[in-house]
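Each ligand, and each atom within it, is numbered from 1 in the order the structure gives. In this chain, numbering begins with 1 at the start of the sequence shown.
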Amino acid sequence: MSRIQPIRGMNDILPEESHVWQYVEDAIRGVLENHGYREIRVPVVESTDLFARSIGAATDIVSKEMYTFEDRNGASLSLRPEATAGCVRAALTHGLTYNQTQRLWYAGPMFRHERPQKGRYRQFYQIGAEAYGFEGPDIDAELIAMSARMWARLGIRHARLQLNSLGTTEARAAYRDVLVEYFNDHRGKLDAEALKRLELNPLRLLDSKDPELAPVIAVAPGLHDYLDAESRDHFARLRELLDDVGIGYEVNPRLVRGLDYYSRTVFEWVTDRLGAQDAICSGGRYDALVEQLGGRPTPAIGWALGVERLIALLAEEGVDVTPRAPEAYLVRVGEKAERAGFRLSAQLRDALPDIDLVLHCGGGSFKSQLKKADRSGARFALILGDDEVANESATLKPLRTDEPQRPIPWSALADELKTLRRHNP
Ligand code: ATP
Ligand code: MG
């Protein structure tokens with residue numbers, strides 16, 4: 001029979017990789033919780049409408065990357081391509097922004113039907129942070145500083161911060177008109193794709209990768225000349241705060257982001273170690289979105305990081321994550337030893353609830369079981385055979401040093417393991 005194939009662009013994360021994922025997730029979750037952000041879990045599926053109205057119907061994500069389908073009732077649903085829209089929807093559903101502020105984080109898979117390549121998948125994982133109800137630039141600075149702290153905690157050194165301000169929705173609209181006029185004067189240089197962008201989402205022309213267009217973009221009118229006074233002030237204060245804590249950045253006036261809901265601050269952490277897929281974390285303010293989705297005007301800001309890219313960057317930077325190994329592997333040979341070994345493992349787990357103990361299952365000779373014990377990475381083998389059972393002991397065999405093996409009575413084993421742990425935590 002033919003085997004069922006995995007879906008292109010959707011990856012299995014295997015046991016030998018998952019410890020790196022856990023390392024990354026634990027470190028990031030730690031930083032988020034340290035800053036008072038609390039986890040929210042939103043569904044993987046939402047109304048297609050939610051994404052069309054928030055991310056924008058004309059964006060690449062909504063117009064060609066979403067997994068959209070009809071459910072059995074004929075409702076149009078989509079797999080979430082990102083989670084900001086879902087978080088805002090949940091905040092509205094449950095009144096989370098009613099007379100209160102929120103600092104939230106989420107983690108989970110996102111889905112985009114893009115062309116799969118290194119660092120670009122159709123199911124990928126994001127961890128994101130969102131803050132609702134904070135108007136001032138201090139929350140922008142906090143979110144950015146928090147991400148910088150994550151890189152430090154993970155051991156990442158090659159991440160650079162790009163920063164820009166898009167101004168208010170009105171300022172952006174005014175700039176959009178200027179931009180449309182400018183690019184219209186250079187229509188000859190625009191290919192079909194660019195012409196479509198010009199019509200639907202002209203700001204996106206600024207981050208076009210077409211080399212033909214590069215010189216045109218280089219001298220295009222800059223958004224900064226059209227910023228409203230308040231956004232200009234907000235941006236200046238954000239920069240001061242970042243300067244105060246020594247976070248370096250580059251102001252990139254071409255940074256516009258691919259989603260419609262952003263206003264004012266936008267930023268992206270990029271790296272020169274991952275080739276074309278160089279963005280590891282991006283975000284910005286979306287002050288108009290809550291209202292746009294039917295809530296009261298509520299300032300909001302957030303970012304999302306790509307876990308696969310972060311993990312690839314860790315590898316590029318040579319950050320070595322040691323997999324967690326068991327403390328002990330219990331070898332048991334013979335019928336009596338098998339039974340006693342199971343009971344002993346339960347006793348040890350009762351006495352040391354967090355012990356990492358692998359109980360050998362499936363029989364086999366001492367030799368083959370010890371081989372498995374060694375391969376498991378365990379510090380010790382606990383060996384039970386007929387002799388040990390007869391005198392109610394286990395042989396403790398260090399597997400990572402050449403210390404001699406020695407018998408330990410069952411009754412003393414938990415304490416012995418505790419002592420050994422203290423000497424080598
Ligand atoms: P890119 O410019 O690389 O397409 P993006 O602007 O579409 O990124 P966002 O929507 O802001 O990305 O998502 C935040 C982060 O999620 C990105 O910085 C990136 O690290 C990661 N990411 C986005 N799309 C993918 C994907 N298809 N596969 C893996 N990671 C992704
Ligand atoms: Mg993209």
Side chain, backbone, both or neither: which part of Arg309 comes within less than 4.0 Å of ligand 1 when only heavy atoms are counted?
side chain
Start with the C-alpha gap between Tyr23 and His19, add the side-chain angles, then the distance that decides, and say whether ring-ring contact (aromatic ring centres under 6.0 Å, His included) holds.
CA-CA 6 Å; Tyr23 166 77; His19 69 284; 8.9 Å; no
Which label fits Tyr226 and Tyr175: parallel for a plane angle under 30°, tilted from 30 to 60°, or perpendicular past 60°?
tilted
Any N or O on Arg112 sitting closer than 3.5 Å to an N or O of ligand 1?
yes
Looking only at the side chains, is there a donor atom on one of Thr265 and Arg285 sitting less than 3.5 Å from an acceptor on the other?
no
Check if Gln277 has a non-hydrogen atom at a distance under 4.0 Å from any atom of ligand 1.
no
Enclosure of Glu135 CD (heavy-atom neighbours >12, cutoff 6.0 Å):
no
Which bit of Glu308 gets closer than 4.0 Å to ligand 1, counting heavy atoms only: side chain, backbone, both or neither?
neither
Does ligand 1 have an atom under 4.0 Å from some heavy atom of Glu82?
no
Heavy-atom distance to atom 31 (C) of ligand 1: which of Phe124, Tyr262, Trp269, Phe111 wins?
Phe124
Any idea how His360 and Tyr329 line up, ring-wise: parallel (<30°), tilted (30 to 60°), or perpendicular (>60°)?
tilted
Proximity winner for atom 4 (O) of ligand 1, if only heavy atoms of Arg115, Arg120, Met110, Gln117 are counted:
Arg120
Quick one: side chains of residues 208-225, donor-acceptor pairs under 3.5 Å with protein atoms, not counting sequence neighbours, listed by atom name and distance.
residue, atom, partner, partner atom, Å
Ser208, OG, Asp210, N, 3.1
Asp210, OD1, Glu212, N, 3.0
His224, NE2, Asn164, OD1, 2.8

When only distance counts, is Ala279 in polar contact with ligand 1, meaning an N/O pair under 3.5 Å?
yes
With a 3.5 Å cut-off and sequence neighbours excluded, list the donor-acceptor pairs that the side chains of residues 291-303 form with protein atoms.
residue, atom, partner, partner atom, Å
Gln292, NE2, Arg53, O, 2.7
Thr298, OG1, Arg296, O, 2.7
Trp303, NE1, Leu143, O, 2.9

Only heavy atoms of Ala304, strictly under 4.0 Å: list the atoms of ligand 1 that pass.
14 (C), 15 (C)
